[in-house]
Amino acid sequence: MNKFVNLLLGGLLLAFPAEAQNKNIYHKGWIDFNKNGIKDIYEDPSQPVEKRVENLLQQMNINEKTCHLATLYGYGRVLKDSLPTENWKNEIWKDGIANIDEMLNGVGGKSKLVEQMLYPFSNHAEAINKIQKWFVEETRLGIPVDFSNEGIHGLNHTKATPLPAPIAIGSTWNKELIYRAGEIVGQEAKALGYTNVYAPILDVVRDQRWGRTLECYGEDPYLVASLGIQMVDGIQSQGVGSTLKHFAVYSVPKGGRDGNCRTDPHVSPREMHQIHLYPFKKVIKEAHPMGVMSSYNDWDGVPVTASYYFLTELLREEYGFDGYVVSDSEAVEYVHTKHRVAETYDEAVRQVLEAGLNVRTHFTPPSDFIKPIRRLIEEKKISMATIDKRVAEVLSVKFRLGLFDHPYVEKIKESDKVGGVDRNIDFVKQIQQQSLVLLKNDGNLLPLDKNKIKKVLVTGPLADESNFMESRYGPNRLEKVTVLKGLRNYLKGIAEVDYAKGCDVINKGWPSTEILPEALTDSEKAGIQEAIDKAKDSDVIIAVLGQDEWRTGESRSRTSLDLPGRQQELLVALHATGKPVVLVLINGQPLTINWADKHIPSILETWFPSCQGGTVIAETLFGNHNPGGKLTVTFPKSIGQIELNFPFKPGSHGTQPQSGPNGSGSTRVLGELYPFGHGLSYTSFKYSDMTVTPLEQATQGNYTITFNITNTGKRQGDEIVQLYVRDKYSSVVAYDSVLRGFERVSLNPGETKQVTFELTPEDLQLLDRNMRWTVEPGEFEFMIGASSKDIKLRKTVKAL
């Protein structure tokens, strides 16, 4: 284990492994990165970042500059070595590298060969220090590496603190909780030696068939932006960079198709700016993330990663982004191979660099990008000015992250005292509790009374499954509690818990059997019959249905949103027993559960819970926790209604005329199953006493909205109050209403709290006919609701 020497000079604390001093480059208050015995400007912590970048750039040769435009994927991905070897002097990164991604994070089969470097955290920190030490000491200019890693479900590392799927995080509507989640991700990253986290995802879901719905906060741009700001602020409060995903217009590929499609979004310019770019613009301006990941789709015929408009004019010039842009995997290659706007790969490389891309990321060696750049320079097909600008933007982030002042994890043993799933288990449960959404509860079947129940049947293919509790983009090697295990633990010594799987998640031949149904096999009939037989002897049935890890997610879009496989047949059979049925949904997308909504009294949406999902779900079903989450995506009744989402344009969700000159009767299903913002509680709430100040003023004034919320039931509960704004008349067609405020309020029985929202002119803006953001004079209706459809209070103001 390394021993550390700490030197304090003029308030600057430097720490480094003791053996590193043998290189004689470590001095009081600075490091001689270029080993020339002189404190160069870039080595001087007292100098401004701009001067340090300029000085370093002047000393870099072409090989060093081009190496700082590529990612090296870590051990088990591209890198074959877990630690530096003598051969590294012969590798292309002998001249440095921009960043190393997912280094020793526990992902991939080879990680089992280096278990000791993954956990405990101090072992990983020591390994990262050794790698960083090689780049500092063995490369000519000693430029430190930016160690990046994924983080949307919690930090992507063994035994890190897990978060539920982002769609569940969004369903908490709790800004303070999400800031804390970001803090934890940042703390653990810092302790482990990671310096840049790929999170949050700011994509706005508009097509529920899209597989990555579960990895987004929701379908509303204001909500996504508000939660994204908290996550970025939380991560970066720990001195770690946050990199936003995926810029831009990524979440609406044609037909919601993912996988090898991932392209051709049919989005108009106004919709793009008001929906899909809104979160990026707002988060960049308010939270100042250090990174952005460019997406591999096109927009209006131009690949985003090769678009000067997106990567320079919008991102840097309009939004003020001052970090570096990394490509999503294969985004550069697609410019040539898929989009076919470059006849050669070298031409694609030229296009993306001139557009504004800084660092290419893909699961192939970095030389695949670095060598083409060197050819382009040699052939004079790209200017050194462009190369210098792209490299300077990368170096600027490295300086701002403090990598040139504190290149190493400074207190290795302290890393074992930071975070981790065990240390943060209370938080893991808390964010899981707040993400649960009670969709339906007829007759107040929930919460169940454990003192009145003698036997519970737990059934369904997801009752004893846990593969959805870990994500490729989150922590791994977690101890997981399934719903069945959670209920057995909760009811131990109180009631008997019986189990029958009932059916598999899917049937043989799925998904083709969704359009060409096949009869149940004998084994499928037997599985359902077993559940029926056990249900007859039970007081209540808890059916755990939905999707597992392999039915939704990246590259797993769907053509149907029904319960997959034989799950619907199982549910119908369970209901036919006459026993009360509670449906627990585990899923990553809204499902078209029309039959369940009509026949099943209580439905609890849990999304993809993390490792404590079973514990929290059991406690919630029996009333230890009162579900207070709300939907951030609309549940359609049929995929034929898509797009069906919020916000929407007036009339776009309209009905059909029944009479008159165009009377047409009825030919389609109308309305959503559950609207945006929907979520019930075990208690009830009353909204009252709304005031707005002022009611009339010029367009650039602020508004203060207050109202009271009272818990009128007998249980403590959380209500998520929502503020919507409707522009009554405008020069262009505005959305019917837009979300412009929300707050999660916790109330004891009989308690009343006053809630205050502040609106600024920005909250009333639209893009006018000249595509300029402006507040137009006229009337605006401010609406307070329990969902986008359940509006409780209204006031109209006039902007002069």
Side-chain angles (χ1 to χ4, degrees), residues 439-440 442-443 445-446 448 450 452-468 481-492 494-510 513-514 517-548 550-551 562-587 591-606 609 613-614 617-618 620-622:
L439 298 179
K440 183 184 177 187
D442 283 1
L445 174 60
L446 294 178
L448 301 170
K450 62 185 178 183
K452 295 181 180 179
I453 292 176
K454 294 181 180 180
K455 190 172 184 180
V456 175
L457 172 65
V458 183
T459 185
L462 297 170
D464 199 28
E465 180 58 77
S466 63
N467 64 23
F468 48 81
V481 181
T482 67
V483 176
L484 176 60
K485 185 177 181 180
L487 284 162
R488 281 180 168 163
N489 290 343
Y490 184 84
L491 293 173
K492 187 177 183 180
I494 300 172
E496 182 183 350
V497 176
D498 204 356
Y499 168 68
K501 187 176 182 180
C503 66
D504 293 329
V505 175
I506 59 169
N507 59 301
K508 186 178 179 180
W510 186 90
T513 52
E514 290 186 328
E518 295 179 359
L520 273 72
T521 64
D522 290 342
S523 62
E524 288 172 340
K525 291 177 182 177
I528 293 174
Q529 188 61 50
E530 180 191 11
I532 293 171
D533 292 342
K534 290 189 174 185
K536 292 175 181 177
D537 295 328
S538 301
D539 299 313
V540 65
I541 302 166
I542 297 175
V544 189
L545 309 178
Q547 302 166 306
D548 66 358
W550 303 106
R551 255 40 72 176
D562 292 343
L563 289 168
R566 303 304 193 185
Q567 295 183 58
Q568 179 63 30
E569 288 95 328
L570 173 63
L571 186 61
V572 171
L574 293 170
H575 175 261
T577 65
K579 299 288 185 175
V581 179
V582 176
L583 172 58
V584 174
L585 288 176
I586 290 175
N587 50 300
L591 300 178
T592 47
I593 51 167
N594 298 287
W595 189 92
D597 178 68
K598 182 175 181 180
H599 296 285
I600 303 301
S602 295
I603 306 173
L604 182 68
E605 174 62 82
T606 73
I617 290 167
T620 302
L621 292 175
F622 284 89

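Listed by chain and number, the residues in a side chain to side chain contact (heavy atoms under 4.5 Å, CB included) with Lys455 are Glu496, Asp498, Asp537, Ser538, Asp539 (sequence neighbours excluded). With sequence neighbours left out, the side-chain hydrogen bond (donor to acceptor under 3.5 Å, both in side chains) criterion links Tyr490 to Asn624. Applying the ring pair (Phe, Tyr, Trp, His ring centres under 6.0 Å) criterion to Trp595, with sequence neighbours excluded, gives His575, His599. Residues meeting the side-chain hydrogen bond (donor to acceptor under 3.5 Å, both in side chains) test with Asp442, sequence neighbours left out: none. In this view, Glu530 and Lys534 satisfy the salt bridge (Lys or Arg N to Asp or Glu O under 4.0 Å) rule, not counting sequence neighbours. For Ile528, the side chain to side chain contact (heavy atoms under 4.5 Å, CB included) criterion is met by Leu520, Ile532, Glu569, Leu570, Ala573, not counting sequence neighbours. For Gln567, the side-chain hydrogen bond (donor to acceptor under 3.5 Å, both in side chains) test picks out no residue, with sequence neighbours left out. Judged as a side-chain hydrogen bond (donor to acceptor under 3.5 Å, both in side chains), and not counting sequence neighbours, Arg488 has no contacts.
Note that CG of Leu591 is 11.5 Å distant from CD1 of Ile586, once rounded to the nearest 0.5 Å. Distance CD/Gln547 to CG/Leu563: 8.5 Å, rounded to 0.5 Å. Atom-to-atom distance recorded for Leu448:CG and Phe622:CZ is 4.5 Å, nearest 0.5 angstrom. Interatomic distance, Arg566 CZ to Ser523 OG, rounded to the nearest 0.5 Å: 9.5 Å. Annotation: the span from Ile453 atom CD1 to Leu491 atom CG amounts to 7.5 Å, rounded to 0.5 Å.
Sequence neighbours left out, not one pair with a member in residues 596-605 passes salt bridge (charged side-chain N to carboxylate O under 4.0 Å, His left out).
Under the 4.5 Å side-chain criterion, counting only non-hydrogen atoms from C-beta, Lys501 is in contact with Asp504. Side-chain atoms of Leu439 and Leu604, non-hydrogen and from C-beta on, never get closer than 4.5 Å to each other.
When all heavy atoms of Leu571 and Ala596 are compared, the pair lying nearest together is CD2-CB, 3.8 Å. The shortest heavy-atom contact between Pro564 and Trp510 is CB-NE1, 3.6 Å.
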Query - Verdict with reasoning, Val582 to Ile541, per side-chain contact (heavy atoms from CB on, under 4.5 Å) - result: CA-CA 6 Å; Val582 176; Ile541 302 166; over 6 Å; no
**Report entry** Candidate pair Thr521 and Glu524, rule side-chain contact (heavy atoms from CB on, under 4.5 Å), full reasoning
**Finding:** CA-CA 5 Å; Thr521 64; Glu524 288 172 340; 3.2 Å; yes
Query raised in the report: For Val581 and Leu445, what are the C-alpha separation, side-chain angles and deciding distance, and is it a side-chain contact (heavy atoms from CB on, under 4.5 Å)?
Result: CA-CA 9 Å; Val581 179; Leu445 174 60; over 6 Å; no
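Environment of NZ in Lys579: crowded, with over 12 heavy atoms of neighbouring residues, nucleotides or ligands closer than 6.0 Å.
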Would you give me the side-chain donor-acceptor pairs under 3.5 Å for residues 456-466, sequence neighbours excluded?
residue	atom	partner	partner atom	Å
Thr459	OG1	Ala500	O	2.6
Asp464	OD1	Thr482	OG1	3.3
Glu465	OE2	Asn467	N	3.0

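Of the possible polar contacts, one joining the Lys440 side chain to the Ile600 backbone as a donor-acceptor pair under 3.5 Å is found. For Thr592 (side chain) and Asp562 (main-chain N/O), a donor-acceptor pair under 3.5 Å exists by modelled atom type. Between the Thr606 side chain and the Leu585 main chain, a donor and an acceptor come within less than 3.5 Å of each other.
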